[in-house]
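Written below as structure tokens is the structure these notes are about.
Residue numbers start from 1 in every chain, and the chains themselves are labelled A, B, ... in the order their sequence lines are given, proteins ahead of strands. Because the structure is predicted, anything quoted here is derived from the model rather than measured.
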Amino acid sequence: MKRLKKRAEFLAVARGVRSARRAFVLQTLRLPDETAEPRCGFTVSKKVGNAVVRNRVRRRLKEAIRLDTAALGRPGHDHVVIGRREALAQDFARLRADLAGAFRQGRADRRGRDAGTTVADASQNSHRDHRGEPPGRTR
RNA sequence: CCAGUCGGCCGGGCGGCCGCCUCGGGUGUCUCACUCGGGGAGGAAAGUCCGGGCUCCACGGAAAGACGGUGCCGGUCAACGACCGGCGAGGGCGACCUCAGGGAAAGUGCCACAGAGAAGAUACCGCUCUCCUGCGGACAUCGGGUUACCGAUGUCCGGUUUCGAUGCGGACAUCGGAGACAUCCGAUGUCCGGUCGCGAGACGGAGACCUCCUUCGGGAGGUUCCAGGAGGGUAAGGGUGAAAAGGUGGGGUAAGAGCCCACCGCGGACCCGGCAACGGGGACGGCACGGCAAACCCCACCGGGAGCAAGACCGAAUAGGGGCGGCGCGGGCUCGCGAGAGUCCAGGUCUUUUCCGGACCGGCCGCCCGGGUUGGUUGCGCGAGGCGUCCGGCAACGGGCGUCCCAGACGAAUGGCCGCCACGUGGGGGAAACCCCGCCAUACAGAACCCGGCUUACAGGCCGACUGGCACU
RNA sequence: UGGGGCGUCGCCAAGUGGUAAGGCAGCGGAUUUUGAUUCCGCCAUUCGCAGGUUCGAAUCCUGCCGCCCCAU
């Protein structure tokens with residue numbers, strides 16, 4: 001899954017649906033462009049621990065998503081995974097199961113649509129608009 | 001063997017599957033994908049406490065001043081506040097450890113409390129010399145004096161001492177009474193006390209001693225001691241303090257004192273050793289020169305400022321700036337079919353500043369130029385480089401030779417899962433070798449331009465040198 | 001990356017060489033029939049930590065720890 005890298009993109013996804021698990025919090029944003037490739041970003045704040053701990057949390061989450069990227073990703077959705085300290089020690093199989101559940105929950109939530117339109121208005125200069133369809137379209 | 005000191009090093013290993021970043025080669029449908037090969041976190045990558053490289057800015061050169069830093073001596077280093085060696089001071093039986101360790105006779109300042117005195121010493125108690133005085137007070141009278149006051153006499157009060165009586169207080173004894181006892185009360189006697197009261201006598205520091213006189217009451221003189229006052233001399237002793245202006249002993253003195261002497265301490269011309277810091281000796285001085293500069297400060301030396309988010313290049317769309325050319329000549333209102341006329345209102349730039357006055361511009365189109373946001377490229381890893389070895393040096397380090405190329409991201413790669421082994425630790429089994437099970441088992445911790453140091457964190461382990469003790473030979 | 005500030009009782013805080021004010025809270029007592037108010041008393045042992053300078057350190061110096069803020 002492609003990575004989110006810009007601060008503006010993270011702020012946009014933060015307005016989407018949140019679903020919390022023990023080891024992480026998942027934010028999901030439904031995009032107006034249904035065919036857009038699914039993307040994902042990671043946030044691990046300084047509260048979690050020092051640099052080694054933060055790196056490890058992010059890498060475990062990243063690996064779990066990589067292994068199930070076909071099952072988790074659907075076109076037209078952006079995600080941000082906020083790592084928690086529990087992701088350091090949690091059983092890896094359990095981590096994968098939690099991620100799958102959180103992704104399903106995020107997509108099922110209808111509120112993502114409204115958030116998507118407003119964000120699209122706010123970030124209309126983003127390069128996504130160059131290849132995508134015009135905003136404001138409803139399904 | 002036990003206890004300890006110092007220095008150096010490591011900080012998991014092998015393998016499987018699926019992945020990530022980057023470099024080079026190849027292929028393709030060539031801002032990407034595939035494939036082959038190489039590389040991919042640390043001793044601290046950390047904290048950001050110093051020093052440099054590099055880049056930009058500033059600057060005619062330098063110096064001074066201000067500000068900041070450093071501070072024994074010598075060396076090493078690109079440089080340093082780092083390191084090495086030495087010296088000094090302190091600590092430890094020792095190996096060894098710790099130290100911002102220049103200047104207090106350049107100046108200013110501080111040293112609370114206590115204490116007499118806290119820094120050009122002081123003088124409270126005390127010690128001591130000389131001189132003077134030798135019950136005190138009040139009142140009255142007289143005399144002297146301008147006054148202040150002084151002297152004499154008297155009275156009163158206080159004072160001192162002796163004696164007496166006795167009250168008082170205490171102890172003891174006897175007797176009587178009360179009470180179950182403990183004990184209490186009263187009387188008498190003896191002894192002691194004298195801070196109180198009474199009476200009488202004496203005194204004039206009421207003290208001691210000596211001599212003389214005597215009417216035996218006392219008087220005169222002297223010595224010594226005592227008390228008070230004035231003027232000196234002291235700094236030994238007391239005590240305070242963190243610190244008291246050399247220490248101890250002796251001589252000396254009125255008492256004392258480096259006043260003198262011996263020893264110790266201190267300063268110290270000069271001599272010797274050392275590149276130096278410093279060390280050894282030391283004529284002589286006779287004791288000044290307390291501590292604090294991590295108080296201000298003085299002296300010596302060093303420092304232009306900022307930082308890779310430095311800096312360089314490219315740069316779409318939109319908006320805006322400048323230049324040139326062409327066309328046009330502001331806006332509102334009223335009248336008019338219209339051309340146009342009337343009226344009102346400006347704004348900017350220049351004219352040195354304000355006012356007045358004057359000139360120009362304002363819109364549209366085209367071309368060009370420069371700045372610049374998101375972004376992209378670069379800076380970006382051959383270096384004060386790593387490893388090995390030899391030589392010089394006590395060492396830090398320097399030199400020669402050989403060999404190697406070894407992370408390069410930018411929401412940030414080096415990961416996930418698993419097996420075996422090593423070591424540690426806990427539990428269980430076994431006589432033992434050993435076996436089984438558990439540990440998020442295995443710390444501290446993640447490059448962000450680079451390098452040299454410092455500091456801090458760290459499970460566990462290895463090696464070497466040395467010290468003290470015990471035992472054995 | 002660079003710069004600045006703070007840390008003192010449970011809370012808010014004063015004090016910048018001489019042995020740690022004050023307020024709130026808490027505890028005990030008095031006043032009151034009871035409560036509130038008021039009054040009195042108590043309440044700091046490593047002044048974030050560790051070293052050092054000094055006779056003496058919350059204060060001065062050095063090194064750490066934690067928190068906050070600013071610029072880019």
Charged N to carboxylate O under 4.0 angstrom, R96(A) versus D68(A)?
->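 The answer is yes: the pair qualifies as a salt bridge.
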
Taking a pair as Watson-Crick or G-U wobble with both distances under 3.5 Å, which nucleotide is matched to [N]?
{"N": "rA341(B)", "value": "rU334(B)"}
{"N": "rG268(B)", "value": "none"}
{"N": "rC17(B)", "value": "rG416(B)"}
{"N": "rG199(B)", "value": "rC163(B)"}
{"N": "rG158(B)", "value": "rC135(B)"}
{"N": "rG375(B)", "value": "rC314(B)"}
{"N": "rA257(B)", "value": "none"}
{"N": "rA262(B)", "value": "rU248(B)"}

What I'd like to find out is whether the side chain of [X] reaches to under 4.5 Å of the side chain of [Y], using heavy atoms alone.
{"X": "H79(A)", "Y": "V13(A)", "value": "no"}
{"X": "I65(A)", "Y": "V81(A)", "value": "yes"}
{"X": "F42(A)", "Y": "V57(A)", "value": "no"}

[N], syn or anti by chi within 90 degrees of zero:
{"N": "rA41(B)", "result": "syn"}
{"N": "rG402(B)", "result": "anti"}
{"N": "rG362(B)", "result": "syn"}
{"N": "rG43(B)", "result": "syn"}
{"N": "rC382(B)", "result": "anti"}

[atom1]-based separation of [M] from [N] [nearest Å]:
{"N": "rC287(B)", "M": "rG246(B)", "atom1": "P", "answer": "9 Å"}
{"N": "rA413(B)", "M": "rA319(B)", "atom1": "P", "answer": "41 Å"}
{"N": "rG362(B)", "M": "rG379(B)", "atom1": "P", "answer": "49 Å"}
{"N": "rA422(B)", "M": "rG392(B)", "atom1": "C1'", "answer": "44 Å"}
{"N": "rG43(B)", "M": "rG11(B)", "atom1": "P", "answer": "8 Å"}
{"N": "rC266(B)", "M": "rA105(B)", "atom1": "C1'", "answer": "16 Å"}
{"N": "rA235(B)", "M": "rA255(B)", "atom1": "C1'", "answer": "11 Å"}
{"N": "rA316(B)", "M": "rU349(B)", "atom1": "P", "answer": "32 Å"}

For R96(A), report the nucleic acid contact type (base, sugar-phosphate, nothing); a contact means any heavy atom under 4.0 Å.
->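 If one applies the 4.0 Å heavy-atom cut-off, R96(A) turns out to touch nothing in the nucleic acid.
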
Answer with base, sugar-phosphate or nothing: what part of the nucleic acid does R56(A) contact at a heavy-atom distance below 4.0 Å?
->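 The answer is sugar-phosphate, as R56(A) gets under 4.0 Å only of primed atoms, P, OP1 or OP2.
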
Most 5' of K62(A) and V52(A) on RNA chain B, judged by nearest nucleotide =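 Closer to the 5' end of RNA chain B: K62(A).
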
Upstream residue (5' side of RNA chain B) when L88(A) and E63(A) are each assigned their closest nucleotide |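 Closest to the 5' end, via its nearest nucleotide, is E63(A).
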
rA413(B) phosphate, OP1 or OP2: any side-chain N/O from R58(A) under 4.0 angstrom?
->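 R58(A) to rA413(B) OP1/OP2: side-chain N or O found under 4.0 Å.
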
When the distance from [atom1] of [X] to [atom2] of [N] is rounded to whole Å, what number comes out?
{"X": "N55(A)", "N": "rA46(B)", "atom1": "CG", "atom2": "P", "value": "14 Å"}
{"X": "L61(A)", "N": "rC417(B)", "atom1": "CG", "atom2": "C1'", "value": "15 Å"}
{"X": "L95(A)", "N": "rG416(B)", "atom1": "CG", "atom2": "C1'", "value": "11 Å"}
{"X": "R66(A)", "N": "rC20(B)", "atom1": "CZ", "atom2": "C1'", "value": "9 Å"}
{"X": "R85(A)", "N": "rC440(B)", "atom1": "CZ", "atom2": "C1'", "value": "12 Å"}
{"X": "F42(A)", "N": "rG416(B)", "atom1": "CZ", "atom2": "P", "value": "13 Å"}
{"X": "F92(A)", "N": "rC18(B)", "atom1": "CZ", "atom2": "P", "value": "16 Å"}
{"X": "R59(A)", "N": "rG446(B)", "atom1": "CZ", "atom2": "C1'", "value": "7 Å"}

Can R66(A) and E63(A) be said to form a salt bridge (Lys or Arg N to Asp or Glu O under 4.0 Å), step by step?
-> CA-CA 5 Å; R66(A) 183 187 69 84; E63(A) 178 70 9; 2.6 Å; yes

Report yes or no: do V52(A) and L61(A) belong to one cluster of Ile/Leu/Val/Met/Phe/Trp/Tyr joined by side chain heavy-atom distances under 4.5 Å?
->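 No.
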
Just compare rG415(B), rA413(B), rC417(B) and give me whichever is closest to any side-chain atom of R60(A).
->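 Closest nucleotide to the R60(A) side chain: rC417(B).
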
Scan side-chain atoms only and decide if Q105(A) and R21(A) contain a donor-acceptor pair under the 3.5 Å cut-off.
->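 R21(A) and Q105(A) do have a side-chain donor-acceptor pair below 3.5 Å.
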
Under the criterion side chain to side chain contact (heavy atoms under 4.5 Å, CB included), which of L26(A), D98(A), T28(A) is the partner of F103(A)?
->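 Answer after filtering L26(A), D98(A), T28(A): L26(A).
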
